[in-house]
There are 2 protein chains.
Amino acid sequence: MTTIADVAQAAGVSISTVSYVMSGKRTISQETRERVEQAMADLSYSPQASARSLASRSTSILGLQAPIRAGVDVHVVMQIVAGALKEARLHHHDILLLTSDDAAGVERAARAGMVDGVLILDVETSDPRVGSLADLSIPSVLIGLPDTADQLICVDFDFEAAGRLAAERLAERGHRTVTLLGAPPQVQARHTSYSDRLTRGFLSRSREVGLTATVLPCPAGPGATEVVDALLAGSPETTALFVHNEAALPFIAARLLASASAAPIEIVALSPAELALHVPGVSDVIDLPAEELGAAGARTLLAAIRGERSPGPELLTPRFAHSPAEPATV
Amino acid sequence: MTTIADVAQAAGVSISTVSYVMSGKRTISQETRERVEQAMADLSYSPQASARSLASRSTSILGLQAPIRAGVDVHVVMQIVAGALKEARLHHHDILLLTSDDAAGVERAARAGMVDGVLILDVETSDPRVGSLADLSIPSVLIGLPDTADQLICVDFDFEAAGRLAAERLAERGHRTVTLLGAPPQVQARHTSYSDRLTRGFLSRSREVGLTATVLPCPAGPGATEVVDALLAGSPETTALFVHNEAALPFIAARLLASASAAPIEIVALSPAELALHVPGVSDVIDLPAEELGAAGARTLLAAIRGERSPGPELLTPRFAHSPAEPATV
DNA sequence: ATGAAAGCGCTAACAC
DNA sequence: GTGTTAGCGCTTTCAT
């Protein structure tokens with residue numbers, strides 16, 4: 001194991017000079033810097049994380065609490081995590097995985113000084129976890145938008161605007177009666193923040209533009225077909241669907257294509273673009289930029305750690321995705 | 001911030017006594033122990049991870065390199081991660097996420113002393129990452145079984161045995177011509193270890209039991225239906241499928257049910273049980289115990305960190321899953 | 001059964 | 001522009 005002292009000796013400088021070469025916190029002559037860097041390379045030196053963090057009282061580690069729950073779309077969660085990880089690494093930070101559904105885990109990591117801040121996913125409208133966040137000694141960022149978001153830093157996709165956007169598009173297309181096939185029943189029952197907001201935006205804007213709109217929860221996978229069947233049978237005047245459920249989307253689309261009714265049913269989807277763009281029967285896709293959302297969360301957390309207070313919730317604006325065939329004109 | 005010194009003072013003992021109360025590494029009188037524990041509780045003391053790890057030269061953190069690649073089944077990966085995390089926490093360890101596809105990331109974390117060991121997922125048959133693992137200063141465990149596994153500790157599901165098991169079951173059921181619909185093309189092209197082994201086991205046992213067996217890669221999602229169509233058209237004598245692709249399974253099953261051919265095609269699936277058991281048209285499910293696999297990996301890594309050398313690769317035995325309706329008789 | 005004290009490897013004053 | 005050194009909070013010999 002080579003230490004900073006070894007490097008200092010090899011370079012013929014003091015320990016602190018080596019430290020300052022690494023941190024850049026004071027000016028070093030070109031020549032000295034080169035000697036030190038050479039010595040570091042020769043000895044293939046890596047600073048010891050624990051020593052560094054003991055002395056500096058910071059770890060360069062972000063805590064991440066990701067959910068693994070019924071109804072949660074693993075694909076989207078993975079993308080958020082991937083985005084956060086990428087962004088964190090870009091800023092020389094690492095990510096410590098914190099057990100889900102466990103406020104104690106976040107507290108433990110914070111109090112042990114294992115992380116400089118925490119990123120929390122899949123926040124519910126009234127989330128029990130948010131209470132304890134306020135009196136942590138480290139900053140936290142929620143990906144989601146709970147009721148009690150007043151004092152908390154939140155980053156999320158603007159699901160409400162997405163709901164409005166979908167209603168507008170469907171109205172433009174001349175539809176009169178439409179249905180939102182949303183998150184799985186468990187998610188809606190938990191009043192997951194995003195599900196609530198999407199519904200609100202969709203219904204209110206539908207009303208404004210004269211659409212008759214209803215909302216139905218929709219299980220992932222094959223179960224979705226049953227919901228579609230029930231809907232078609234019970235409400236034949238429906239001419240379009242707004243689907244927010246990546247996992248159910250292919251099944252819904254396949255079902256509609258199969259049951260070749262007189263008037264085809266149009267589908268607008270809210271989904272990570274790459275998952276929905278090539279599903280046959282889907283005419284418009286509002287992109288859910290999951291990876292960017294994770295990155296934005298990490299970025300905001302890093303800013304908070306640096307002491308920059310962000311003003312209000314940061315909401316990513318929804319946009320329609322464009323297939324490679326019809327690229328956006330920007 | 002309360003330190004060990006605060007606790008020692010409050011309890012009227014020395015710092016080392018407090019330390020030994022926590023570690024249990026020497027006998028403490030009942031009375032002293034109680035005073036110390038009381039003091040810790042009163043001051044709500046949490047030991048500082050960095051200080052502890054600087055002094056002890058260990059972190060209680062496991063590095064985890066999980067893949068986020070094309071064709072990788074996110075659901076299975078998530079379950080493995082969840083299993084590893086659970087097991088790690090059970091043994092008072094945490095998990096640091098390491099960037100995928102990046103041997104440098106593992107090395108960096110190891111050399112900085114950030115982790116006590118690393119767990120590596122989705123290993124390919126000839127994985128470039130495994131080379132550098134051998135000369136890390138910390139132990140590593142692969143979930144997967146690469147060619148060059150001689151000196152490495154590996155834990156995996158016994159895909160080869162699973163392939164054999166499926167062939168046997170299909171033969172018992174009286175089939176003569178069968179097809180393995182396997183991992184997506186990208187995964188098979190990479191010669192991902194599990195895909196190779198499943199194929200080998202399935203084909204060799206098929207030969208032994210007199211089955212005519214072929215293997216087809218199969219994309220996830222709707223693309224799977226095309227593969228099924230092509231197969232049915234090109235090889236009408238096929239009477240059964242062995243499907244190893246959770247993401248494609250529902251589509252395959254749905255397609256077979258829809259195309260009501262004279263003789264129905266039987267499906268045996270290899271999948272996490274809870275994902276496949278309720279897909280209509282699937283007659284047998286070989287469970288892929290993803291969470292248990294993650295837990296086993298973590299357990300083995302923790303053992304290696306303690307210095308226990310495991311003899312050979314550890315392979316989880318495949319079993320048929322039983323639906324709630326027909327429970328196992330054990 | 002308990003204490004005293006020497007590190008662990010680094011950062012950041014405080015010198016010059 | 002560079003060096004000296006006092007911690008950071010803990011673990012673990014040595015003592016007793």
Side-chain angles (χ1 to χ4, degrees), chain A residues 1-37 39-40 43-61 92 108-116 137-138, chain B residues 1-37 39-40 43-61 92 108-116 137-138:
Chain A
M1 233 231 62
T2 106
T3 74
I4 196 174
D6 300 331
V7 175
Q9 186 164 25
V13 299
S14 74
I15 284 183
S16 62
T17 297
V18 176
S19 176
Y20 284 118
V21 165
M22 295 192 285
S23 69
K25 287 190 181 173
R26 81 180 178 193
T27 38
I28 304 281
S29 73
Q30 178 66 24
E31 193 220 324
T32 305
R33 149 171 288 112
E34 274 164 9
R35 276 220 316 287
V36 170
E37 279 166 350
M40 296 201 296
L43 303 175
S44 66
Y45 166 70
S46 313
Q48 203 63 13
S50 55
R52 176 174 277 189
S53 95
L54 176 58
S56 69
R57 307 166 146 284
S58 83
T59 62
S60 292
I61 298 181
H92 309 293
R108 184 183 56 82
R111 300 182 23 113
M114 306 184 75
V115 296
D116 293 343
S137 53
I138 54 172
Chain B
M1 232 232 62
T2 104
T3 74
I4 196 174
D6 301 331
V7 175
Q9 186 164 25
V13 298
S14 73
I15 284 182
S16 61
T17 296
V18 176
S19 176
Y20 283 117
V21 164
M22 294 192 284
S23 69
K25 286 188 182 175
R26 79 179 179 194
T27 38
I28 303 281
S29 74
Q30 179 64 26
E31 191 220 325
T32 305
R33 147 170 291 110
E34 272 164 11
R35 276 220 316 286
V36 170
E37 278 166 349
M40 297 201 295
L43 303 175
S44 65
Y45 165 70
S46 315
Q48 203 64 9
S50 55
R52 176 173 277 192
S53 94
L54 176 59
S56 69
R57 309 165 144 282
S58 83
T59 62
S60 292
I61 298 181
H92 309 292
R108 184 184 55 82
R111 300 184 20 116
M114 306 184 75
V115 296
D116 293 343
S137 53
I138 55 173

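Here is how names work: the chains are called A, B, and so on, in the same order as the sequence lines, proteins then strands, and each is numbered from 1. Computed from a predicted model, the values in this text were never measured in an experiment.
When the nucleotides C:dC10, D:dC10, D:dT12 are ranked by their closest atom to the side chain of B:Pro47, D:dC10 comes out on top. For A:Val13, the listed nucleotide lying nearest its side chain is D:dG3; candidates were D:dC10, D:dG3, C:dC8. Checked against D:dC8, C:dA12, D:dC10, the side chain of A:Ser56 finds its nearest nucleotide in C:dA12.
Going from atom CZ of B:Arg52 over to atom P of C:dG7 covers 22 Å, rounded to whole Å. Atom CD1 in B:Ile4 sits roughly 14 Å away from atom C1' in D:dC8 (whole-Å rounding). When the P atom of C:dG9 is taken as reference, atom CG of A:Leu43 falls 14 Å away, rounded to whole Å. Following rounding to the nearest Å, A:Gln48 (CD) and C:dC8 (P) show an atom-to-atom distance of 12 Å.
Contacts of A:Ile28 with the nucleic acid, taken as non-hydrogen atoms under 4.0 Å apart, involve only primed sugar atoms and P, OP1 or OP2. Nucleic acid contact class of B:Ser19 (heavy atoms, under 4.0 Å, all strands): base. Counting any heavy atom pair closer than 4.0 Å across all strands shown, B:Gly113 reaches no nucleic acid atom.
Contact check, A:Thr32 against D:dT2: a side-chain N or O comes under 4.0 Å of OP1 or OP2. Under 4.0 angstrom from either OP1 or OP2 of D:dT2 there lies at least one side-chain N or O belonging to A:Ser29.
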Polar-atom pairs under 3.5 Å, protein N or O versus N or O of nucleotides 4-6 of chain D: list them with distances, or write none.
from: D:dT4; atom 1: O4; to: A:Ser16; atom 2: OG; distance (Å): 3.0

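Identified under the side chain to side chain donor-acceptor pair (under 3.5 Å) test for residues 12-26 of chain B, with sequence neighbours left out: B:Ser14-B:Ser16, B:Ser14-B:Thr17.
Each end of the helix from C:dA1-D:dT16 to C:dC16-D:dG1 gets its own axis from five base pairs, and the two axes differ in direction by 30°, given to 10 degrees.
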